[in-house]
Structure formats: C-alpha cells, structure tokens
Novice: 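First the structure, then my questions, so here it is.
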Amino acid sequence: MRNRLRLPRQPAPAAIVLAAGVAIELAGVTKSFGGPRAVDELSLQVAEGELLVLLGPSGCGKTTSMRSIAGLETPDAGSIAVGGRMVFDAYRRIDVPANRRNVGLVFQSYAIWPHLTVFDNVAFPLRVRHLPRAEMKRRVHEILALFDLDGLADRGASRLSGGQMQRVALARSVVMEPRALLLDEPLSNLDAKLRDRLRIELRLIQQQLGITSIYVTHDQTEALALADRVAVMRGGKIVQLDTPVAVYSRPRTRFVADFVGDSNLLAATVVGAERDRVRVRLNGTQIELDAAGKAPPQESTWVCIRPEHLEAGEGANVLRTTVKVALFMGDHVAYELAAEGGPTLRMVVGQTYAPLAPGSPLTVHVAPERVLLVVDE
Amino acid sequence: MSTSSVALRPFWLTGPRVQRYLFSGAILAALGYLIVYPIGMLVYASVVDVPPRPGEPIGHLTGHNFAPLFAGGNLQAIGNSVVIGVAGTALALAIGCALAWLTARTDMPARWLGQVSAIVPLFLSPFVGALAWSFLAGPRVGYLNVFLQGMGAPFGLNVFSLGGLVFVLGLYHAPYAYLFVSSALTLINPELEEAGKAHGATGWQVARRITFPLVRPALLGAATLTLVLIIENFPIPEVLGTTGGVLTVPVQIFRLMEMYPSNPNEASAFGVVLLLFLSLLLFAQARLLRGRDFATVTGKGFRPRQLKLGKWRWVAFAFVLLYLVGAVLLPLWALAMRALSKFGYFLNSRSFVDFGNMTFKNFSDTLSYSTFTDALRNTVFVAVATAVFGGALHYLIAHVVHRTRLPGRRVMEYVTMAPIAIPGVVIGLGYLWAWIRLPWPPLFGSLWIFVLAYSARLAPFGFRTMSATIGQLHHELEESARVCGAGRVRTVRSITLPLLRPGVVSMLLLLFIMSFHELSVSIFLYTPNTQVVTVVLYQAWSDGNTARVAVISLVTSGLLLLVALVGRRWLKFREA
Ligand SMILES: Nc1ncnc2c1ncn2[C@@H]1O[C@H](COP(=O)(O)OP(=O)(O)OP(=O)(O)O)[C@@H](O)[C@H]1O
Ligand SMILES: [Mg+2]
C-alpha cells in the first residue's frame, strides 16, 4: 500500500503509443505483496516473434512478472500492453481479465488437468471459445501432431511422463494462437538429457510459429542458448537487457558477470587511464592489469576475467601463479591457480596437454580486451 | 475491454473494482444474517430486563441477568460442566489416540475394523447413544444390570450419574480425537523416525523424542476441540443428567427457558458466558499452537513403519472390539430389544431370548404415527437443503478466502469459524430471539429457519473441510484455465468442481448426516407444525414412551448408516 502511494499518479509515458513491431510492452510495472516490491518498476519491450529470456536468481520476481502479464496478478502500478492492446493500466484502471488476454502461459507445474484426457486438455481453450466442432478437432490434432503427441490423444492426463506433460502444457498454450507465450521455467522439472532435447524442440517450434515469447529460467546456460535477448533480473528490476553474446562478453555489473557464466571477480582500483586503455591495480596486491575500453565512472571497480580467457604463456597482463588444483573434465581441464601475492584464479584450458601437478609454477596472461571492468551494483 | 469503452462508462462502474466490493458485500451480508445478527440478539437479550419477545417493550439495560449465574443450581451446573468436560475429554482422547495409533502404526489384526469402529459412532449420534445407554445401564432394570444380577454380582451400573455421563460423552467423542491424531500420524514422514533410529535411538526413544513432539500440536488441537464439543453437548447430559440430577450449563440454559415462569434473560446471559468461555479456550489454543503446526508439513502417501506388537496384537484387537461393542453394537442391541419387546422390561437374562415376548407392533405404531412421519419428511428436507445451500455457501466462502484477493475475506473467515465456539443451545436461543419478533421474513414457524441455523452451526465444519479440499488443488490448475480463456464460472464448472468432486460429495453427505442429528438448536426453533425427528425423539423420551424412542432411534440410525454405506466411496473424514 505504502509503495503504491509513492508512485507518480500519471500515465506511464512509454506505453501510450506502441512502437510498431512491439508485441509485449511493460512500463513501470510494480507489484508488492505487502513487503518489499516483488517487481519494481519493470519496463520491457519484446519485439514481434522474439524470444526473450528472463534470467535471475530465485525470488527476483520472474514468476510475478509473468503472472502480471497473464492477468493472474494485479500490479500496483504501471501498464502492460500485449499485441498492441492495452491489457493493464493502473492509472486508467484498465485490467483485462486473464481469460480475455489471449496470452499463453506454461506453468512450472504444467497444471495439466488430471480429470481430462490429453485431447480434452488441449481442446479446452478452443472449447471455451466456442469453435465449431470439426474445426476444433482439426486444430487440436494438428497441434498434437506438431508436438508428437498424436498417439496419446485419449490417454488420461494423470498417466503421462514429465516430458509428455510438458508437451501437453505447451500444446495447450499454443493451440489458441496466443498473442504471446509465457513460459515459466518449463523445463526445470525434467532430467538433464530430456531438458536438452526439449529445449531444441521448443526453440524450433517457437521459430516455426513465430510466437512472441518470454521464457523464464534461472539456468544461465539455458538462457544463453535459447534467447534472442536476455533480461537479467535482480530484486524485481532488470539489471541488463542484451543479446546473449553481449550479456556474456560485456556484463554491465558485477552481479551479471557473476550470475551469467563463470568468472574471476576481483576488486580493483583505477590507477591510470588513456584514451582507450585503463590501468587497474587489484586491491591488496601489487598486480596491475591493462583493460581495453573507457575508464569507469568510479575509481574502485571490479575486474571480471572469464576462466577460458586466461591463457598459459607470456603476453600482455602476465600473472605468475602456482597450480593449486587441476581437475580433468574430459573435454577440458579446470585449474585453480594461486597468483603470486594475490588472489586465487580459475582457468579453463582445452584439453591440449595433460593436467599439471599441484605445486607446478604456471605463467598465464590475459588479453586487455578480455579484462572486463564492471560496476559494483 | 479497450481504453475507449472504459472511458465511456460511468466512473462508479469502472472496472471490476465495484463488482468485487458488491460480491464481498453480499457474502458478508449473508454471514451477518446467519451468524452475527442472531448472536447479537442473544447478547442484547442478556443485557436487558425484558425478554425480546413479540409485544414486549424494548426494556432497559441491566447487568442483573449475570448475577444469579454464579450461585445455586447455576454454579453447580458450571462445576459439573468443568468436571465432565475434563474427564470426558481425557477418556475420549485416550480411546481416540489408542485407536489412531493402533490402526496407523501397528500390525494389529484387522486394522480396517479399527478404522470402521472409530468412525461408525459418528453416524449413531450422541443423542441416540445416550438413549440406548439409558436402556442398558439404568439402575436395576437396565439390561446390563439384569445380566449382572443374574450372575449374582454385588453391584449394579448406573449411567444416570456423573461417572455415567463422562463414560457416554467420552465414548461418543473419541472419533473426533481419532480423526485429528490419525491424520497427523499418517502425515509424518517415516524418514523422520527412521533417521532417529539410524542415529541410535531405541523404539521407545523415537516415540518419545520424535513422534510424540511431532503429533503434539495435533493432540492439543484434538484436546481443545473435544473439550469444546463435550462442554457444549446438550443431548447426552439432558438424557442422562436430568434423571440423575447432574445438570450441565447447556442443560441449565434449556431449563431456564423451559421452567415456568421462564427466565429468558438469565438464559441468554448464561449463553453469553458459555460463549465467552469457549472462545477464550479456543483463543488460548490458537496462541499456543501458533506457528507450530509442523505435524502436517509433509505431503502424504507414505508407507508408515509398523510396530510389531507380538502377542499384544490380540489385546489390541480386543480393545478395538470392546470399543465397537460399547459404542455401537450394545446400543443397537438394546434399542432392538426395546423396540421388539411387548412390555418394555426384562425380568432376567432368559427373557431376552423369549420370543413370546416379542412384537412388531411398536414398529407399526411408530411408523404410522403421523407426527413422526411428518417430522421425518421435514428432516429430510431440512438436511438436504442444508447440505445444498449451506454447503454451497461454505464452499463459496472457502473459495473466496483461499483463491481470491477479495476485500473482507479475512473477516469472512473469522465469522465463518466463529460458531465453533458457539454452543448449539446458544445458536438456538439466538435464532429464537432473532426471528420470533420479526413479522417478515416469516422464518419462525417455517422449516427454513432450521436450514439457516444448521448452516450457521455447521459453517466451521463445512468451511474447514472445503478449505482442506481446495488446498489440495494446486492453484495453477485453475489459473491455467483462466489464461486458456475460461471465465471464472466456467473455470469452477469445468476444472475446479470436477477435480474436487470427491471432497465436495463427502462434505455434502456429512452435512446431511449432521443435520439429521441436530437437537440442541432444533429444540428452540420447532413449532407444532415444524418438527424434526430429533425433536419428536426428544418428546417421546420426555413422555417416557421408550418403545417409540427405540423405534425412532433405530429407524434414523439405520437410515443414516445406509446413507453412509452407499456413500462410503466418497466419504472422507478429516478433523472438523
Ligand atoms: N502470493 C504471494 N504472496 C506473498 N509474497 C509473494 C507471493 N508471490 C511471490 N511472492 C514474493 O515475491 C517475490 C518474487 O517471487 P517470484 O515468485 O516472482 O520469484 P521468482 O523469480 O519466480 O523465483 P523462483 O525462481 O524461485 O521461481 C518473492 O520474494 C516471493 O516471496
Ligand atoms: Mg518462479
């Protein structure tokens, strides 16, 4: 309640006129359950046909955002438009009920109705829309075929495997030709092998049907693999919204660097800056590194080095280290290195040589373009 | 709904907000009508100096009605209620816990019989049980006493005593304790106990240090509920205590209304005191249990570890059998004996098998007694209407409380649960004051007043059962219907109700059965043209027509056992 009152009582500006090609638009969406805000002035645009992944740790507000778009939660403030239609606007008191938003939502629990058959589950959205029988049957069978479920049409839905339920849930959301498809951790209940296969299938179907989708996960590999763009969330806010490549290779904050991919994160101080080069010293050590790019706004910063960007041998940014642990992982070797007078570093090396014994000295370097400076947020 | 259509509508009808308030308001109004208004009238009657009857003046405020409560017969009744409540609860808990533990956690033979024995007394109703036991263990002529004398025993049983009251109350309240504890026992993850074993605890240590603390909240809940039920019980002390001169508070309230001249204001004041006492009890229990409800943390479907009883298996079995005999078989036998007997008494043990003594005339007499047959028809109507309309309201409230964010839903929950602390006689009295004075709606003198009063009295039960059922349904199952395009009504019809059907049917059956048993409320509300079966039974008893008592008891019990038997597929018991 208190949160709601502090928000400006005026229409959210961004959402008044929808840009062409924008399928989902959130502007200043805020929701609190009485405590801190679960979703905090979230603004977001998803392009037509795009698959956007919402990535963030547990409790950061991903599910709440999805449910707000679907109409299952009423935000305290902000506006939501789907497919060019305003479905929620706190200021103008628009709140289209969930059943008239035509947004597909795949729940984490799948929510397959156990008292209905697979066919009836998938046919439900068409039945409530009073589609003619023949047309309805045709569409359902089409979709069942698309999801490889034709053989199961008359099976009771309580007797399905996890993967099959997942497909039924998806088929049920897609059959109604939704304006947008929301997927809330759709694969998290499945085992790793099945997850890998379904992930590919899902992406294929999404591209084939061209459905604008938001996909929620807290699995960063899944996010990077699937997304057209990734929105990294934290505490109800989006901290970075970029292509997977950009999020991985140019994280904006320490949180993003840490959450997406593996990284060596080291506190550092800027000691000098030129036009396109910054020199930093790792805090508490004498180690100085060159980083490509502009100087960060503050003197204190964080250095992020991906383990695979450390390379053995001499070059720019040389570090003298000793091997602490070497783990042979099959296709690569993971090292934990103690840098001289300094921090512990992780390094990943393609399997070119046998792992070094613990205690061996190892000289490594990292290219200045690979030394990422991120803000501490 | 597009932006423009919103702008065109008048401000006060904009959006679903108004509908939400209207909907909540309607439910709250219904609850106010059912529960708050009658209790308010009772409180009003307790603080004025004239009864709120038609034709009486408004009266003046006074505190005098409360003064005589703590003196004389009233004080004695309070003392009796406390003693009987504590002792009866102890007995009910002992029997109920033993049954629960034996059936859930041991290798006792025929454990299904234990489960059945613990449930069947619920269908027999405490009222019928008390009547049957008055046949069995009345001084000297009680059937058991006849046997005892035949065997030359130097003592006799007397159920018309404090001890007799405690015994019968305990007997018929054991099922409530059983339901509480057995659900707690079956919900404990056995791995918790196995972990104790693995860490070196003996079987006894596991029971004492792990199992018992885990079921303690359930035990405390069972104890409080049983205590409340026993203290508010009217039929058993009325039947057994009146004869033996052991009055309890609900009986005393009824007496104050029945005697001539009656004393309605004092009766109301007594009702208010009882209500406050029970509320305090339940409040204390809620405080004690707050945040400690961990017995039910885990799901279900465990295969619980079973203790091997060895040669004690048969002792356990004998205990179950003994309970079944005492609570069900003996009473039914006594009722049958009395119903079939020409003279109504038995000289010695041989006369129980003397077929020359037997007749079906009692049956034909009672079954052609139009007051009874009318009452039976009325009762079926009232019980069905209560199950349907009351059940619908209970379901609606449970749905609103657990599945919506409508304004005022907390208040709804409190008001719905309130009757758990309101004794039946208090509801009866409240309804009497609430409707006797109003010319419209003409509820008094119609059967609908029973439907309303029963719906109010059974509201906590209906609400809790429905809440438990709804709670087992993952909310996403309903929400996915919404996002698939189904409206609220369609969602409830196509998804919620089909999935909840077992739970809903079970609740309807139980509401029907409980309505059939109701006496404490009905005794205040009937008129010569609107009698229910329990009232006719009560009158037969107070007229001393034991043959009719026996036949009516047998017929109604048989009917309800039949209903339970037919509906047993759906019947699911939970702690009330
Ligand atoms: N119905 C609710 N009542 C109260 N608090 C809630 C409710 N739903 C969510 N929250 C809170 O809002 C915050 C965001 O929850 P949300 O479910 O959106 O997180 P999430 O990002 O989906 O997490 P996860 O990855 O664990 O699913 C959490 O702190 C949660 O406790
Ligand atoms: Mg979630």
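Keep in mind that the numbers below use all heavy atoms, side chains included, and drop hydrogens, waters and symmetry copies. Each chain gets a letter, A, B and so on, in the order the sequences are listed, and its residues count up from 1.
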Novice: Between B:L477 and A:I112, what is the shortest heavy-atom contact and its length?
Specialist: CD2-O, 3.3 Å

Novice: Name the option with the most non-hydrogen atom pairs under 4.5 Å to chain A; the candidates are B:H474, B:R405, B:H475, B:E476.
Specialist: B:E476

Novice: Given a strict heavy-atom distance threshold of 4.5 Å, which part of A:F124 is in contact with chain B: side chain, backbone, both, or neither?
Specialist: side chain

Novice: Picking from A:R127, A:R101, A:R67, which has the most non-hydrogen pairs under 4.5 angstrom with chain B?
Specialist: A:R67

Novice: Of all heavy-atom pairs between B:G487 and A:N99, which one has the smallest distance, and what is that distance?
Specialist: CA-ND2, 3.1 Å

Novice: If you count heavy-atom pairs under 4.5 Å with chain A, which of B:I495, B:L499, B:T491 comes out on top?
Specialist: B:I495

Novice: Which one, A:P125, A:S173, A:G71, leads in non-hydrogen pairs under 4.5 Å with chain B?
Specialist: A:P125

Novice: Taking A:H115 for its side chain and B:S494 for its backbone only, find out whether a donor-acceptor pair lies under 3.5 Å.
Specialist: yes

Novice: Just checking A:F33: does its CZ atom have more than 12 heavy atoms from other residues, nucleotides or ligands closer to it than 6.0 angstrom?
Specialist: yes

Novice: Name the region of A:R129, side chain, backbone, both or neither, that has any atom closer than 4.5 Å to a heavy atom of chain B.
Specialist: side chain

Novice: Pick one of side chain, backbone, both or neither for B:R490, based on which atoms fall under 4.5 Å of a heavy atom in chain A.
Specialist: side chain

Novice: First locate atom CZ of A:R172, then atom SG of B:C484, and finally report the distance between them rounded to the nearest 0.5 Å.
Specialist: 5.0 Å

Novice: Might you point out which heavy atoms bring A:M176 and B:V483 nearest each other, and give the distance in Å?
Specialist: CE-O, 3.1 Å

